[in-house]
Amino acid sequence: HPSGIDVLAAPDPIIPLSAMTGDTAYEILDMAKSVYDYVVVDMPLAWTDWTSYVVGASHVVGLVTDINVTAVNRCRRLLSLMAEQELDDVPLTIIANRFKGGFSAKSRKRQAEKALGGPIAHFIRADVEVANAARDRGVVLSEVKKKSAIEKDVDGLVRDLHDKFLTGHKVSVRSAA
């Protein structure tokens, strides 16, 4: 990518999630960690046989969710599943994506945190126009609109993850909801 980030994208043909094994996932992560300082893994919503390998090898899990009933319930179920799989010792930060402010924002935040049993560490504001343009053009957010709200939020997230969890480590971030 022109930004300097290397991206290993999913293959063009759609393949079943079961085609990947835990050993394969571990080998890919191990190889990536030997080459890169930071490895970010955007995981599928489905929990697979190899998900626990990736989560267990992570220095931090960024659990991304929207603030709506369906997404918060999915996030809560995923947190429970991680505990059942004995993965609740992996450092975790919850990230609210496409967050809309407004009159009920504080109430929605409080209700979501109560349902999740803990704080939502980061809020990425909804800026669909900038996000979609960056994705569609394959560029970083600042190339679409410098100092946009979403760019500021993402920069804050990255800085915080690095400062709290990643100094001297390599990372895998999980996107789940």
Side-chain angles (χ1 to χ4, degrees), residues 1-67 71-72 74-99 116 118-124 131-132 134-141 150-151 153-177:
H1 189 271
S3 69
I5 295 172
D6 290 328
V7 177
L8 175 60
D12 250 354
I14 295 175
I15 58 173
L17 292 174
S18 60
M20 172 91 80
T21 66
D23 289 339
T24 304
Y26 185 82
E27 288 175 21
I28 291 169
L29 277 178
D30 197 45
M31 184 180 357
K33 287 179 178 183
S34 72
V35 175
Y36 299 101
D37 291 333
Y38 302 101
V39 177
V40 177
V41 180
D42 185 11
M43 298 287 288
L45 289 176
W47 192 274
T48 67
D49 291 341
W50 48 269
T51 301
S52 58
Y53 287 92
V54 175
V55 173
S58 299
H59 283 91
V60 62
V61 171
L63 188 53
V64 182
T65 186
D66 286 344
I67 302 294
V72 169
R74 183 182 317 125
C75 187
R76 187 175 42 78
R77 288 192 316 265
L78 186 56
L79 290 169
S80 295
L81 182 59
M82 287 175 65
E84 289 171 20
Q85 298 277 321
E86 298 180 356
L87 294 167
D88 50 346
D89 60 334
V90 176
L92 179 113
T93 189
I94 298 177
I95 304 156
N97 196 27
R98 294 183 289 258
F99 186 71
L116 294 171
I120 298 172
H122 294 278
F123 293 83
I124 308 299
N132 286 349
R135 181 201 60 221
D136 293 347
R137 291 175 33 201
V139 298
V140 295
L141 295 165
I150 190 172
E151 180 190 15
D153 294 344
V154 171
D155 285 350
L157 166 66
V158 170
R159 246 185 267 93
D160 187 58
L161 286 175
H162 183 271
D163 293 348
K164 285 184 180 173
F165 301 108
L166 307 177
T167 304
H169 295 287
K170 298 180 194 253
V171 63
S172 167
V173 177
R174 177 172 179 21
S175 173

Can you tell me how far the OG1 atom of Thr24 sits from the CH2 atom of Trp50, to the nearest 0.5 Å?
-> 10.5 Å
What residue among Ile120, Thr93, Leu79 forms side chain to side chain contact (heavy atoms under 4.5 Å, CB included) with Leu63?
-> Leu79
State the OH-NZ distance between Tyr26 and Lys33, to the nearest 0.5 angstrom.
-> 7.5 Å
Closest non-hydrogen atom pair between Ala46 and Leu17, with its separation | CB-CD1, 3.7 Å
Check the pair Asp49 / Thr21 against side-chain contact (heavy atoms from CB on, under 4.5 Å), numbers first and verdict last.
-> CA-CA 7 Å; Asp49 291 341; Thr21 66; over 6 Å; no
Check each of Leu29, Val55, Val61 against Val41 using the side chain to side chain contact (heavy atoms under 4.5 Å, CB included) test, and report the only one that passes.
-> Leu29
Could you please spell out the steps behind the side-chain contact (heavy atoms from CB on, under 4.5 Å) verdict for Ile94 and Leu92?
-> CA-CA 7 Å; Ile94 298 177; Leu92 179 113; 3.9 Å; yes
side-chain contact (heavy atoms from CB on, under 4.5 Å) between Val158 and Asp155, intermediate numbers included = CA-CA 5 Å; Val158 170; Asp155 285 350; 5.8 Å; no
Give, for atom CZ of Arg137 and atom CG of Asn132, the distance between the pair rounded to the nearest 0.5 Å.
-> 12.5 Å
State, to 0.1 Å, how close Val154 and Ile124 come at their nearest heavy-atom pair, and which atoms those are.
-> N-CD1, 4.0 Å
Mind checking whether Thr51 and Met43 have side chains closer than 4.5 Å, heavy atoms only?
-> yes
Quick one: pull up CG in Asn97 and CG in Asp153 and give me the separation to the nearest 0.5 Å.
-> 10.0 Å
Nearest heavy-atom approach of Leu141 to Glu151 is CD1-CA, 3.9 Å
Could you grab the distance from atom CE of Met20 to atom CD of Glu27, nearest 0.5 Å is fine?
-> 10.5 Å
Roughly how far, to the nearest 0.5 Å, is NE2 of His162 from CZ of Arg159?
-> 11.5 Å
For side-chain contact (heavy atoms from CB on, under 4.5 Å), just list the numbers for Trp47 and Met82, CA-CA rounded to whole Å, side-chain angles, deciding distance to a tenth of an Å, and then say yes or no.
-> CA-CA 10 Å; Trp47 192 274; Met82 287 175 65; 3.9 Å; yes
Kindly check if the number of other-residue, nucleotide or ligand heavy atoms within 6.0 Å of OH (Tyr53) is above 12?
-> no
Give the minimum heavy-atom separation between Ser52 and Gln85, together with the two atoms involved.
-> CB-OE1, 4.1 Å
